Q: 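Structure below; questions to follow.
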Amino acid sequence: MHSITVSSLGFIMSQHIIHQKIIQLRAEINQHNYHYYVLDNPQIPDSEYDRLLRELQMLEAQHPELITSDSPTQRVGAAPLNKFAEVSHNIPMLSLANAFEADEVYEFERRIKNKLEQTHIEYAVEPKIDGLAINLRYEKGVLIQAATRGDGRQGEDVTLNIRTIPSIPLRLNGDEIPELLEVRGEVFMTKIGFEQLNQRQIQQQEKIFANPRNAAAGSLRQLDPKITATRSLEFTCYGLGSVSEENLPQNYSDILYWLQGFGLPISRYLQVVDNVQACLEYYQQLLTQRENIPFDIDGVVYKVNPIAWQEALGYISRAPRWALAHKLPSQEALTQVVNIEIQVGRTGALTPVARLAPVVVGGATLTNATLHNQDEIRRKDVRVGDSVIVRRAGDVIPEIVSVMLEKRPENTVMFTMPTHCPVCDSTVVQAEGEAVIRCSGGLFCAAQRKQAIEHFASRKAMNIEGLGEKLVDQLVAGNYVENVADIYTLSATQWANLDRMGNKSANNLLKSLEKSKSTTLSHFLYALGIREVGESTAHLLAQQFGNLEKLMQANKESLQAIPEIGTVIAKNIVTFFSQTHNQTVISQLQSLGIHWQTHEPQVSDLPLTGKIFVLTGTLNNMTRDEAKLRLQTLGAMVSGSISKKTTYAVAGEKAGSKLEKAHALDIKILNEVDFLVLLEKLQ
Ligand code: I6G
């Protein structure tokens with residue numbers, strides 16, 4: 001008799017069809033395992049892989065008679081490459097059961113409570129780092145072997161490469177080190193290390209890595225440890241293998257602190273919590289902080305803390321019953337490029353943008369991804385029709401991580417940048433040494449004109465309330481304005497005749513325009529939209545020059561004498577003010593009544609003049625904007641990113657990658673208390 005099953009897709013399937021489906025899923029998963037574990041070149045996002053594995057697990061759970069020992073559900077990973085010597089793990093390196101929803105976490109706790117006959121369970125919680133599992137073997141405190149997980153029973157000997165990772169001690173500290181100590185944990189690359197590596201790869205015309213995990217895997221797989229040594233890899237412990245010591249600490253968290261005592265790195269995010277509710281709160285916290293964590297994480301791991309309880313719970317198939325990986329929403333997904341279009345930015349930069357078949361990533365629907373410029377397109381060779389993996393991380397513009405070449409349809413063509421602006425048909429130009437191609441049309445180009453006006457009117461610039469994108473579109477489309485000065489010359493009737501406007505709105509807009517005329521030099525400079533002169537550079541210029549005329553006459557050398565102004569910005573400023581049409585617009589604006597206090601403070605003798613601060617993390621005593629204002633009042637420049645020119649990094653709570661970079665560049669770091677003391681002293 002044929003049994004029937006309801007699959008995750010809702011179809012009713014006969015036994016034969018189920019068997020076929022299982023065989024097909026296994027083949028597909030095995031293929032992906034090979035790409036992921038052996039070639040370090042995943043072909044699908046983790047979320048897609050998890051979905052396939054879950055579907056197989058579900059079908060096998062409904063039909064245990066169809067389970068075979070070679071099913072990917074019955075083993076840990078895939079076969080290792082043969083390049084490195086093989087290492088057998090005395091105790092298999094397992095993996096963790098996954099949960100995707102809170103319900104599954106409650107279910108995990110229910111099973112544990114039942115089995116232990118306990119009502120209160122303590123958990124150790126920590127992020128699940130997206131890296132590679134490694135076993136380190138210390139004998140008499142000396143690192144003698146490091147091996148990858150491989151298939152869980154047999155991995156590869158990567159000792160020479162692991163020895164190059166600075167955070168891994170070659171010899172442990174302390175007197176009471178067990179004769180044999182095997183430590184397990186994750187080797188990974190920080191987000192900064194990854195960005196820097198890819199920059200270097202681009203410069204050296206080498207392949208770029210899709211994400212930090214692949215970069216870490218690729219680095220560990222180098223046969224030459226000298227190359228691995230140039231890659232900033234890190235390590236965090238999360239468990240033990242074979243240990244000769246019998247009297248181990250009695251909680252998982254204490255084992256980690258014990259390991260830390262030997263000089264081994266453990267997660268700085270480790271916490272011990274009282275119940276599953278607190279586990280879920282920790283998960284939510286990590287979810288909101290994900291962008292500030294300096295390395296990629298793909299979940300949160302909950303572990304029953306008392307070791308005696310872990311032992312009582314034991315293992316089921318390939319995973320401990322006492323641990324759970326609660327996965328975070330994937331930041332990557334698979335989709336198709338339906339078109340590649342060119343966007344023209346405020347400064348004329350032509351940016352290719354991939355229009356995507358809509359796909360949900362981390363709770364948001366993605367329809368576009370930036371392709372940056374011609375070089376980037378060439379490097380990734382993204383074509384219309386391609387299946388691609390897109391990645392969305394926080395507020396960063398979504399990017400195409402890689403193209404699945406084996407899925408490429410026939411007759412696709414390589415994308416090339418246009419020779420003429422798609423908006424105004426002016427020729428495009430490429431400055432020497434720049435990757436960006438720009439439209440040469442300037443304000444003749446409607447796209448540039450529109451964005452220049454939007455920028456001019458924006459809150460941090462002239463702050464013209466009510467003048468938004470829709471109105472600007474109409475002004476430009478109807479040829480009402482040629483430049484930013486023209487918006488001050490339109491009559492009430494002209495405003496009132498625009499779509500969705502009436503007399504009342506027109507009058508309100510005229511009032512906003514009038515109000516905006518009284519501004520500050522720094523707002524005005526920012527509003528002009530000089531290339532690469534952002535809010536804080538504009539502020540700095542206003543502080544340093546005090547009046548516009550002096551700035552307009554400044555040469556490159558005097559501009560470069562200001563900290564934070566490099567050759568490129570100095571050149572942009574000089575070029576901007578040397579153009580007659582810019583001079584004309586500025587004098588028109590001034591004749592139309594735009595004014596600011598001419599006696600802006602001369603700050604050359606303020607206590608923090610010339611000092612550059614970067615704020616990172618959360619301050620408890622003031623908001624970022626307050627801190628910024630207080631520093632600027634004292635003459636300091638506040639920059640958004642750490643560079644060699646940074647004088648101080650102020651690190652609040654949960655400071656992330658900026659703090660790491662500050663450490664790396666040896667920048668002086670102030671904690672919140674140091675910072676408050678400094679402000680107090682100077683004010
Ligand atoms: O793959 C893993 C990542 C993190 C782990 C793990 C972990 O703890 C924080 N813990 C265990 C026990 C295993 N895998 C098997």
Side-chain angles (χ1 to χ4, degrees), residues 33 36-37 46 49-50 53 73 75-78 89-100 105 108 112 122-136 146-155 167 181-189 212-213 216-217 220 233-243 248-249 251-260 264-273 279 282-283 286 290 293 295-328:
N33 268 348
Y36 190 90
Y37 288 109
D46 289 358
Y49 178 88
D50 289 339
L53 193 64
T73 59
R75 64 179 175 148
V76 181
H89 300 301
N90 294 338
I91 299 178
M93 290 184 76
L94 302 174
S95 55
L96 297 174
N98 288 329
F100 295 84
V105 180
F108 162 72
I112 289 173
E122 186 181 81
Y123 298 95
V125 294
E126 60 198 301
K128 186 167 184 300
I129 304 173
D130 204 2
L132 297 105
I134 295 286
N135 184 72
L136 304 178
T148 60
R149 168 161 36 200
D151 66 2
R153 279 165 229 291
Q154 230 169 31
S167 57
L181 175 65
E182 282 188 357
V183 180
R184 286 171 179 181
E186 206 81 357
V187 166
F188 59 97
M189 194 176 277
R213 189 201 169 275
L220 265 198
L233 294 173
E234 303 201 5
F235 177 71
T236 295
C237 304
Y238 58 65
L240 296 175
S242 300
V243 185
L248 292 174
N251 286 307
Y252 167 75
S253 53
D254 295 326
I255 291 186
L256 291 186
Y257 294 126
W258 177 67
L259 293 175
Q260 192 177 39
L264 287 156
I266 65 167
S267 175
R268 69 174 111 133
Y269 301 93
L270 174 71
Q271 277 182 26
V272 175
V273 300
C279 290
Y282 178 88
Y283 176 92
L286 228 64
R290 192 175 191 177
I293 297 176
F295 42 82
D296 271 1
I297 60 172
D298 61 350
V300 177
V301 181
Y302 311 136
K303 288 181 180 170
V304 171
N305 202 25
I307 299 296
W309 287 1
Q310 290 191 358
E311 282 165 1
L313 288 163
Y315 297 82
I316 179 161
S317 96
R318 57 188 200 136
R321 273 206 194 86
W322 40 266
L324 186 70
H326 188 179
K327 300 288 261 195
L328 288 161

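Note that ligands are numbered from 1 as they come in the structure, with each ligand's atoms numbered from 1 the same way. Because the structure is a prediction, the values reported are computed rather than measured. Residue indices begin at 1 and follow the sequence shown.
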Q: Once you restrict both partners to nitrogen or oxygen, which atoms of ligand 1 have a protein partner under 3.5 Å, and how far apart are they?
A:
from: ligand 1; atom 1: 8 (O); to: Lys303; atom 2: NZ; distance (Å): 2.8
from: ligand 1; atom 1: 10 (N); to: Lys303; atom 2: NZ; distance (Å): 2.8

Q: Return yes if some donor-acceptor pair links the side-chain N/O of Asn305 with the main-chain N/O of Tyr252 below 3.5 Å, else return no.
A: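 Yes, the answer is positive, given that a donor and an acceptor are paired below the 3.5 Å cut-off.
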
Q: Testing the basics here: between Ala319 and Ala97, what is the closest heavy-atom pair and its distance to 0.1 Å?
A: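 In this case the closest contact between Ala319 and Ala97 is CB-N, 3.7 Å.
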
Q: Going by the side chain to side chain contact (heavy atoms under 4.5 Å, CB included) test, name the single residue among Tyr238, Phe295, Phe235 that passes it with Glu186.
A: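 With Glu186 as partner, side chain to side chain contact (heavy atoms under 4.5 Å, CB included) holds for just one option, Tyr238.
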
Q: Could you pull out all residues at least two apart from Tyr283 that satisfy ring-ring contact (aromatic ring centres under 6.0 Å, His included)?
A: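 ring-ring contact (aromatic ring centres under 6.0 Å, His included) check on Tyr283 returns His326.
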
Q: To the nearest 0.5 Å, tell me how far Leu259 CG sits from Cys237 SG.
A: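 Rounded to the nearest 0.5 Å, the CG-SG separation comes to 5.0 Å.
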
Q: Checking the side chain of Arg321 only, and the main-chain atoms of Leu313 only, is there a donor and an acceptor separated by less than 3.5 Å?
A: yes

